[in-house]
Amino acid sequence: MALRFEEITGDNYHECIALEVSPDQANCFYFKSSKPNIMSLAEAYVFKNGSLVLAIYNDDTMVGALFYTPNTNPADPEESEGKAWLTRLMIDKRYQGKGYGRKAMEMLIERVRKEGVTKLGLSYEPYNKVAEKLYLSLGFKNSGMTIGEGQIVAWLEIGFG
Ligand SMILES: CC(C)(COP(=O)(O)OP(=O)(O)OC[C@H]1O[C@@H](n2cnc3c(N)ncnc32)[C@H](O)[C@@H]1OP(=O)(O)O)[C@@H](O)C(=O)NCCC(=O)NCCS
């Protein structure tokens with residue numbers, strides 16, 4: 001596995017938009033679509049808050065994408081210093097279960113740590129047990145808070161070094 005992130009450009013955005021999760025996983029996203037990346041690109045454009053959509057490549061194959069925002073905390077916008085927020089992670093249905101989701105999360109954590117982030121937050125639907133297990137195994141702790149329509153908010157404390 002040789003995973004890497006690449007920014008979305010004119011050369012790869014069609015491919016990014018075409019990636020999809022399985023129909024039953026559309027419920028993982030508040031807009032209930034199995035093709036979530038067009039929404040991530042739209043939100044990054046509309047909110048102009050430094051959000052970044054990153055394509056996840058294994059060698060030359062785009063296998064998924066994630067969408068994160070440095071220095072933001074939607075649960076408490078006044079308290080954003082040193083925090084980053086992962087809004088969305090998806091691995092295309094053809095490439096799930098191969099370790100790409102876990103590896104991409106480990107790479108994101110390392111990336112934001114280098115950016116000076118000390119807390120990485122995210123939320124997930126309570127019935128999304130695959131995501132929950134993945135996030136908790138990486139050290140995320142449920143905050144006891146929810147956002148949106150009952151999405152569980154979890155935070156990872158990121159140390160230095
Ligand atoms: C959640 C998601 C990103 C995980 O990506 P992935 O590449 O399939 O995950 P990995 O192969 O790295 O596996 C991570 C863990 O989940 C487990 N897992 C993956 N798919 C699973 C499935 N369908 N059922 C049960 N466990 C599963 C793996 O066994 C692994 O556990 P381990 O590391 O303890 O062995 C992917 O399934 C996905 O895109 N789902 C739909 C969208 C979503 O839920 N996004 C996250 C919330 S925004």
Side-chain angles (χ1 to χ4, degrees), residues 1-8 12-47 49-70 72-75 83-112 117 119-156 158:
M1 189 193 310
L3 232 56
R4 69 180 191 282
F5 294 138
E6 275 194 24
E7 294 203 23
I8 304 300
N12 64 5
Y13 77 100
H14 277 277
E15 202 178 351
C16 181
I17 286 166
L19 295 183
E20 62 182 330
V21 299
S22 61
D24 57 301
Q25 291 175 331
N27 288 328
C28 299
F29 310 112
Y30 76 88
F31 43 88
K32 314 285 185 219
S33 168
S34 59
K35 292 188 172 180
N37 294 338
I38 193 160
M39 184 63 95
S40 298
L41 290 165
E43 288 177 3
Y45 176 79
V46 168
F47 294 116
N49 56 0
S51 302
L52 211 53
V53 181
L54 295 175
I56 304 164
Y57 281 86
N58 182 40
D59 295 324
D60 290 336
T61 306
M62 194 190 294
V63 298
L66 60 77
F67 175 41
Y68 87 104
T69 315
T72 194
N73 175 6
K83 298 189 175 99
W85 186 263
L86 175 67
T87 302
R88 208 156 289 134
L89 166 69
M90 66 83 70
I91 299 293
D92 184 276
K93 62 183 182 183
R94 292 167 293 173
Y95 307 117
Q96 291 180 13
K98 299 176 187 292
Y100 298 149
R102 175 177 292 282
K103 181 70 182 164
M105 284 301 298
E106 290 168 356
M107 287 166 50
L108 178 68
I109 292 163
E110 186 54 21
R111 181 182 174 115
V112 299
V117 166
K119 281 184 86 173
L120 175 63
L122 51 76
S123 70
Y124 59 89
E125 299 289 348
Y127 46 78
N128 192 346
K129 296 300 175 194
V130 172
E132 177 172 68
K133 185 171 159 256
L134 172 62
Y135 297 146
L136 297 185
S137 75
L138 288 163
F140 284 84
K141 304 241 181 320
N142 287 345
S143 65
M145 292 178 61
T146 59
I147 55 170
E149 294 178 11
Q151 291 195 330
I152 295 168
V153 173
W155 288 97
L156 176 71
I158 302 173

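Note that the numbering runs from 1 along the sequence shown for the chain. In this text, all values refer to a predicted model and were calculated from it rather than measured experimentally. First listed ligand is number 1; within each ligand, the first listed atom is number 1.
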Quick one: does any side-chain atom of Asn128 pair with a main-chain N or O of Cys28 as donor and acceptor, under 3.5 Å? no

Answer yes if a protein heavy atom lies under 4.0 Å from atom 13 (O) of ligand 1, otherwise answer no. no

Is there a polar contact, in the sense of an N or O pair closer than 3.5 Å, between Cys28 and ligand 1? no

Which of the atoms of ligand 1 are close to Lys98, meaning less than 4.0 Å from one of its heavy atoms? 11 (O)

Distance flag for atom 35 (O) of ligand 1, protein heavy atom under 4.0 Å: no

Might you point out which heavy atoms bring Leu120 and Ile158 nearest each other, and give the distance in Å? CB-CD1, 3.9 Å

Any donor-acceptor pair under 3.5 Å from Asn12 side chain to Glu7 backbone: yes

the protein heavy atom lying closest to atom 45 (N) of ligand 1 turns out to be Leu89 O, 2.8 Å

Polar contacts were defined as any N/O atom of the residue lying under 3.5 Å from an N/O atom of the ligand; does this apply to Phe29 and ligand 1? no

Test item: Gln96 side-chain N/O and Ile91 main-chain N/O as donor-acceptor pair under 3.5 Å: yes

Can you find a pair of side-chain heavy atoms, one from Arg111 and one from Leu52, that are under 4.5 Å apart? yes

So with a 6.0 Å cut-off around OH of Tyr57, is the heavy-atom count from everything else above 12? yes

When you measure from the heavy atoms of Tyr124 to every atom of ligand 1, does any distance fall below 4.0 Å? no

Does any N/O atom on Leu134 come nearer than 3.5 Å to any N/O atom on ligand 1? no

Among all the protein's non-hydrogen atoms, which is closest to atom 8 (O) of ligand 1, and how far away is it? Gly97 N, 2.9 Å

Hey, which atoms in ligand 1 end up nearer than 4.0 Å to a heavy atom of Tyr135? 46 (C), 47 (C)

Should Lys103 be counted as touching ligand 1, given the test is an N or O pair under 3.5 Å? no

Has Asp92 got a side-chain atom pairing as donor or acceptor with Gly64's backbone, closer than 3.5 angstrom? no

Side chains of Leu19 and Arg94 in contact at under 4.5 Å (non-hydrogen atoms): yes

Under 4.0 Å from one or more heavy atoms of Lys133, ligand 1 contributes atoms 31 (O), 34 (O)

Under 4.0 Å to a heavy atom of Met90 - the qualifying atoms of ligand 1, by number: 39 (O)

Considering non-hydrogen atoms of the protein only, which is the closest contact for atom 38 (C) of ligand 1, and what is the distance? Gln96 NE2, 3.6 Å

Going by the closest heavy atom to atom 21 (C) of ligand 1, which one wins out of Leu86, Leu66, Val130, Asn128? Val130

Can you tell me how the ring of Trp155 sits relative to the ring of Trp85, calling it parallel under 30°, perpendicular over 60° and tilted otherwise? perpendicular

Determine whether a donor-acceptor pair (N or O, by modelled atom type, separation under 3.5 Å) exists between the side chain of Ser143 and the backbone of Val153. yes

With heavy atoms only and a cut-off of under 4.0 Å, state how Val21 meets ligand 1: side chain, backbone, both or neither. side chain

Non-hydrogen side-chain atoms of Ile56 and Phe5 separated by less than 4.5 Å: yes

Are there over 12 heavy-atom neighbours, none belonging to Lys103, within less than 6.0 Å of that residue's NZ? no

Among Ser123, Ala26, Gly64, Gly101, whose heavy atom sits nearest atom 9 (O) of ligand 1? Gly101

Of all the non-hydrogen atoms in the protein, which one sits nearest to atom 40 (N) of ligand 1, and at what distance? Gln25 NE2, 3.7 Å

Kindly confirm or rule out an N or O of Arg102 lying under 3.5 angstrom from an N or O of ligand 1. yes

Backbone of Tyr68 reached by a side-chain donor or acceptor of Arg88 within 3.5 Å: no

Which residue and atom name correspond to the protein heavy atom nearest atom 11 (O) of ligand 1, and how close is it? Gly99 N, 2.7 Å

Of the protein's non-hydrogen atoms, which lies at the shortest distance from atom 2 (C) of ligand 1, and what is that distance? Ile91 CG1, 4.7 Å

